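To start, the structure under review is shown below, and the notes come after it.
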2 protein chains.
Amino acid sequence: MAARKRQSRNKASDGGERAFLAAYDASAFPHPSVAVDVALVTIVEGALRAVLVRREEHPAKGAWALPGGFVGMDESLDAAAARVLATKVGVEGVFVEQLYTFGAVKRDPRTRVIAVAYYALVHPGLLERAPLNGNTVLAELAVPWRGESGGDVGAVRPEGGRLKLAFDHAAMLGLVVLRLRGKLDYAPIGFELLPRHFTLRQLQEVHETILGKRLNKDSFRRRMLASGRIRATGRREADVGHRPAALYRFARRTKR
Amino acid sequence: MAARKRQSRNKASDGGERAFLAAYDASAFPHPSVAVDVALVTIVEGALRAVLVRREEHPAKGAWALPGGFVGMDESLDAAAARVLATKVGVEGVFVEQLYTFGAVKRDPRTRVIAVAYYALVHPGLLERAPLNGNTVLAELAVPWRGESGGDVGAVRPEGGRLKLAFDHAAMLGLVVLRLRGKLDYAPIGFELLPRHFTLRQLQEVHETILGKRLNKDSFRRRMLASGRIRATGRREADVGHRPAALYRFARRTKR
DNA sequence: GGACATATATGCGATAGGCATATATGCTTT
DNA sequence: AAAGCATATATGCCTATCGCATATATGTCC
């Protein structure tokens, strides 16, 4: 689906055309800058949450923003997103996918900045190693439940109140939720929010959290088992005060 | 720091912060350029087709490419896509939507160019007014049909042979097809490829062309009529050598 | 008026989802 | 050790939808 290309850093070597290329170097003219903003999303306590960092500088100083950074001349967009995740949040090797590119003229009051938004999914257990200091927060994404009124999809609230978000980052988070909802049925994104081994109930809770509505337990179970995307591990959960559920893991191939 | 001159552009508001903003002007450093490429897609003779222009300049001189252009400092991405469509193809007021942003480092041998790909949908009748001269072609997108083997999705062929595409534009076209397939069920994109009034059979043929497989006629009819997205006009097609079909039009609201 | 081609309507079996009920099982309590 | 508990797992039924077949309707063409 999303073209995820990993580009090797082969250095430029167009010998004969160099003079020509220089003449067409678009960077000689003023043009927009490009940044990546990454929404690192997880689920804690039954709510979608995203990592936000407090801006130390103008513009929007003091507001909360998605971790981001400008795209270097020699790194791909995907690489820039991974770098931002590793540098600013300390997370590596997680699911990352491009979301949308925001290009309104005045979205950044400084200069013209085009932002390529990414979203990443991670099991909260992996976030424990990433220190969330005072300048970083795991904010709950407001996802109105079925029948529940009020609240924009994806708007952010910390613990009841509402955080002021910089730039158009609130729109980015709203789009993340919509994208997750749209892809949940046909893309293996639910598993990214769970540990390697999980129960069917845990998987259902992830789906319910993303979709913002309750699902029928039996139908969900049948659908998942028939999808061929999960495989029984033969193990069971432990230390629960009742019959333990079977543990499954994600199966890459759709076997039928 | 030295980019002070640049800052005079937006003297509109930020009185006190001007010096600060100048210090953070990212355009003072070398950074990637941004272009938009637009796939104008239509259906002619039962095949998805896209407008391609022959490149007159290096790089990839002589190859076929999607109409594109660099993004100006004072235009949004959406505006740039609309400008490219109007300027290079002569089409306005059609459905345009962002597709994906391609950011591999070496995708353009000249300099670093990040391409925000768009796709547009248009009824072929509207394209007749747009002159397709020798440098412009309406190339068929290779969409393998169910059971049919070979051929990358979205690869381009003129009339049997295969066109050489510049840059990563073949990947863009492939992604267009996948996106159309994915959105067809829940987004009103099929109607964009039809005239204002259309028959159910015409709509079904559009769906079949996009999906690359035959659909059951009765199920399709029932599904469309029950979707609430089409409304009977009371009129019928004329001059067909058999019983004329009822004409429908797209209804914005999903009434139930 | 009849042939023809396609549109439109109706019925039926297969399949999947929603729902209720019954059974299984590991842990905790008595 | 036995009973209780809470949840997992299995089974059956009803209904909506889809694929398929059949029947009827309605224009044009000869």
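This structure is a prediction, so every number in the text was calculated from the model and none was measured. Chain letters run A, B, ... following the sequence lines, proteins first and then strands; every chain starts at 1.
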N/O donor to acceptor pairs below 3.5 angstrom from side-chain atoms of residues 81-96 of chain B, sequence neighbours left out:
unit_1, atom_1, unit_2, atom_2, d
B/R83, NE, B/E75, OE1, 2.9
B/R83, NE, B/E75, OE2, 3.1
B/R83, NH2, B/F70, O, 2.8
B/R83, NH2, B/E75, OE2, 2.6
B/T87, OG1, B/R83, O, 2.8
B/K88, NZ, B/G68, O, 2.9

Output one line per pair: protein atom, nucleotide atom from nucleotides 27-30 of chain D, and distance, for all N/O pairs under 3.5 Å.
unit_1, atom_1, unit_2, atom_2, d
D/dG27, N2, B/G241, O, 3.4

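Contact detail for B/M172 and B/A117: the closest heavy-atom pair is SD-CB, 3.9 Å.
By the neighbour-count criterion of 12 heavy atoms within 6.0 Å, atom CZ of A/R196 is sparsely surrounded, having that number or fewer from other residues, nucleotides or ligands. Within a 6.0 Å sphere centred on CZ of B/R235, heavy atoms belonging to other residues, nucleotides or ligands number 12 at most.
For the pair B/R221 and A/A238, nearest-nucleotide mapping onto DNA chain C gives the more 5' position to B/R221.
For residues 218-241 of chain B, the pairs satisfying ring pair (Phe, Tyr, Trp, His ring centres under 6.0 Å) are B/H207-B/F220, with sequence neighbours left out.
Take B/K217 and apply the salt bridge (Lys or Arg N to Asp or Glu O under 4.0 Å) test, not counting sequence neighbours, and it matches no residue.
Within 4.0 Å of B/A246, counting heavy atoms only, lie sugar-phosphate atoms of the nucleic acid but no base atom.
On the nucleic acid side, DNA chain C has its first and last nucleotide under 4.0 Å of a heavy atom of chain B at C/dA5 to C/dG11, going 5' to 3'.
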Could you run through nucleotides 13-18 of chain D and give me one letter per nucleotide, 5' to 3': B if any protein heavy atom sits under 4.0 Å from the base, S if only the sugar-phosphate is that close, - if neither?
-----B
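Checking each of A/Q202, A/E208, A/R201 against A/Q204 for a side chain to side chain donor-acceptor pair (under 3.5 Å) leaves exactly one that passes, namely A/E208.
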Tell me, with the steps shown, if A/L180 and A/Y119 meet side-chain contact (heavy atoms from CB on, under 4.5 Å).
CA-CA 10 Å; A/L180 289 178; A/Y119 67 100; 3.8 Å; yes
